[in-house]
Amino acid sequence: NFSALKAARELRNEPVERCILVDLGTVLECQGRWNEAKERYKDSLIISTRLESVEGQAIAWEHLGELFQREGKTVEAEDAYRRHTELRKRKNECDLHRKAVGLDKDGKLLERSGKLDEAAQKYFESLEIRNKIDDKSGQIYSLSHIGDVFTRQRRWEEAESAYKESIKIC
């Protein structure tokens, strides 16, 4: 809807504008107005990039890929789908990273309240995620906290093992 797009632009609400552009692109595509649809998707991609919205970029590339495929532009479609897939993977890694950070914060709170076994469990969960996404600095961070908890519990060998493992990553 062009009036919704106009309102979003007047309000300088780029996240809403980005969504409306994709919706307009879809409508234009259904009407067979492929060039106009492509422009709306590209405009959405520009805004998403400016906003650093990985999700928005992925959506725009997905729609562009579908449109290129309809036009018979296989190379362009494959490129758009590849970009879409890479962005989805990156978004998933960002989501997992946020989850790991949250687990670390939970671990710190538990550690401060003396619940060391529960804190260690949170750090181990965080470490598992960081291993999965190959986050080296995060792995070091989690292992360091695990070592700290084991030190406070006087579990010297386990503490030393965690610290040595973190040093190996460095």
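Below, each value reflects all heavy atoms present in this structure, side chains not excepted, and no hydrogens, waters or symmetry copies.
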Mind listing the side-chain donor-acceptor pairs of residues 112-122 below 3.5 Å, one per line with the distance, residues two or more places apart or on another chain?
from   : atom 1 : to     : atom 2 : distance (Å)
Ser113 : OG     : Leu109 : O      : 3.3
Ser113 : OG     : Leu110 : O      : 3.1
Asp117 : OD1    : Gln153 : NE2    : 2.8

**Study point:** Pair listing, ring pair (Phe, Tyr, Trp, His ring centres under 6.0 Å) test, anchored in residues 142-170, at least two apart
**Key:** Tyr123-His145, Tyr141-His145
Exercise for review: Working to the nearest 0.5 Å, report the span between CD1 of Ile133 and CD of Glu93.
Suggested key: 6.0 Å
Point to revise | Test side-chain contact (heavy atoms from CB on, under 4.5 Å) applied to Ser44 and Ile46, step by step | key: CA-CA 5 Å; Ser44 176; Ile46 290 167; over 6 Å; no
Exercise for review: Check the hydrophobic clustering (I, L, V, M, F, W, Y; side-chain heavy atoms under 4.5 Å; chains of links allowed) and say if Val16 and Ile59 are grouped together.
Suggested key: no
Exercise for review: State the CG-SG distance between Asn92 and Cys94, to the nearest 0.5 angstrom.
Suggested key: 9.0 Å
Review point. Do the charged groups of Asp148 and Arg152 touch, with an N to O distance under 4.0 Å?
Key: no
Check your understanding: ring pair (Phe, Tyr, Trp, His ring centres under 6.0 Å): which pairs involve residues 95-116, sequence neighbours left out?
Key -> none
Point to revise | Contacts of Glu36 that satisfy salt bridge (charged side-chain N to carboxylate O under 4.0 Å, His left out) - sequence neighbours left out | key: Arg33
Point to revise | Pairwise ring pair (Phe, Tyr, Trp, His ring centres under 6.0 Å) hits with a residue in residues 58-87, at least two apart | key: Tyr41-His63
Point to revise | Sole candidate of Arg83, Arg82, Lys89 that passes side-chain hydrogen bond (donor to acceptor under 3.5 Å, both in side chains) when paired with Glu86 | key: Arg82
Check your understanding: Rounded to the nearest 0.5 Å, how far apart are OG1 of Thr151 and CD1 of Ile146?
Key -> 11.5 Å
Study note, to complete from the structure: Which of Arg130, Glu125, Glu128 passes side chain to side chain contact (heavy atoms under 4.5 Å, CB included) with Ser142? Answer is Arg130
**Study point:** Verdict with supporting geometry, Lys38 and Glu71, salt bridge (charged side-chain N to carboxylate O under 4.0 Å, His left out)
**Key:** CA-CA 11 Å; Lys38 196 180 309 172; Glu71 292 178 321; 3.2 Å; yes
Review point. More than 12 foreign heavy atoms under 6.0 Å from NZ of Lys108: is that the case here?
Key: yes
**Study point:** Set of salt bridge (charged side-chain N to carboxylate O under 4.0 Å, His left out) partners for Asp43, sequence neighbours left out
**Key:** Arg40
Check your understanding: Just by distance, do the side chain of Thr26 and the backbone of Val22 share a donor-acceptor pair under 3.5 Å?
Key -> yes
Practice item. Check the surroundings of atom CD in Gln31: do more than 12 heavy atoms from other residues, nucleotides or ligands lie under 6.0 Å from it? Key: yes
Practice item. Please report the C-alpha distance between Arg155 and Glu158 in whole Å, then the side-chain angles of each, then the deciding distance to 0.1 Å, and finally whether the salt bridge (charged side-chain N to carboxylate O under 4.0 Å, His left out) criterion is met. Key: CA-CA 6 Å; Arg155 294 165 61 181; Glu158 291 165 290; 2.7 Å; yes
Practice item. Indicate, with yes or no, if Leu64 and Leu21 share a hydrophobic cluster defined by side-chain heavy-atom contacts under 4.5 Å among Ile, Leu, Val, Met, Phe, Trp and Tyr. Key: no
Practice item. Would you give the length of the straight line joining atom CD of Gln69 to atom OG1 of Thr74, rounded to the nearest 0.5 angstrom? Key: 7.5 Å
Study note, to complete from the structure: Heavy atoms of Leu87 and Val54 approach each other most closely as O-CG1, 3.2 Å
Point to revise | Minimal non-hydrogen separation, Ile140 against Ser166, with atom names | key: CG1-O, 3.7 Å
Check your understanding: If every non-hydrogen atom of Leu103 is compared with every non-hydrogen atom of Ser126, which pair is closest and at what distance?
Key -> CD1-N, 3.8 Å
Revision key, fill the gap. Output for pair (Arg50 CZ, Leu45 CG), nearest 0.5 Å, gives 11.0 Å
Review point. If you measure from CZ on Arg90 to CD on Glu55, what distance do you get to the nearest 0.5 Å?
Key: 12.0 Å
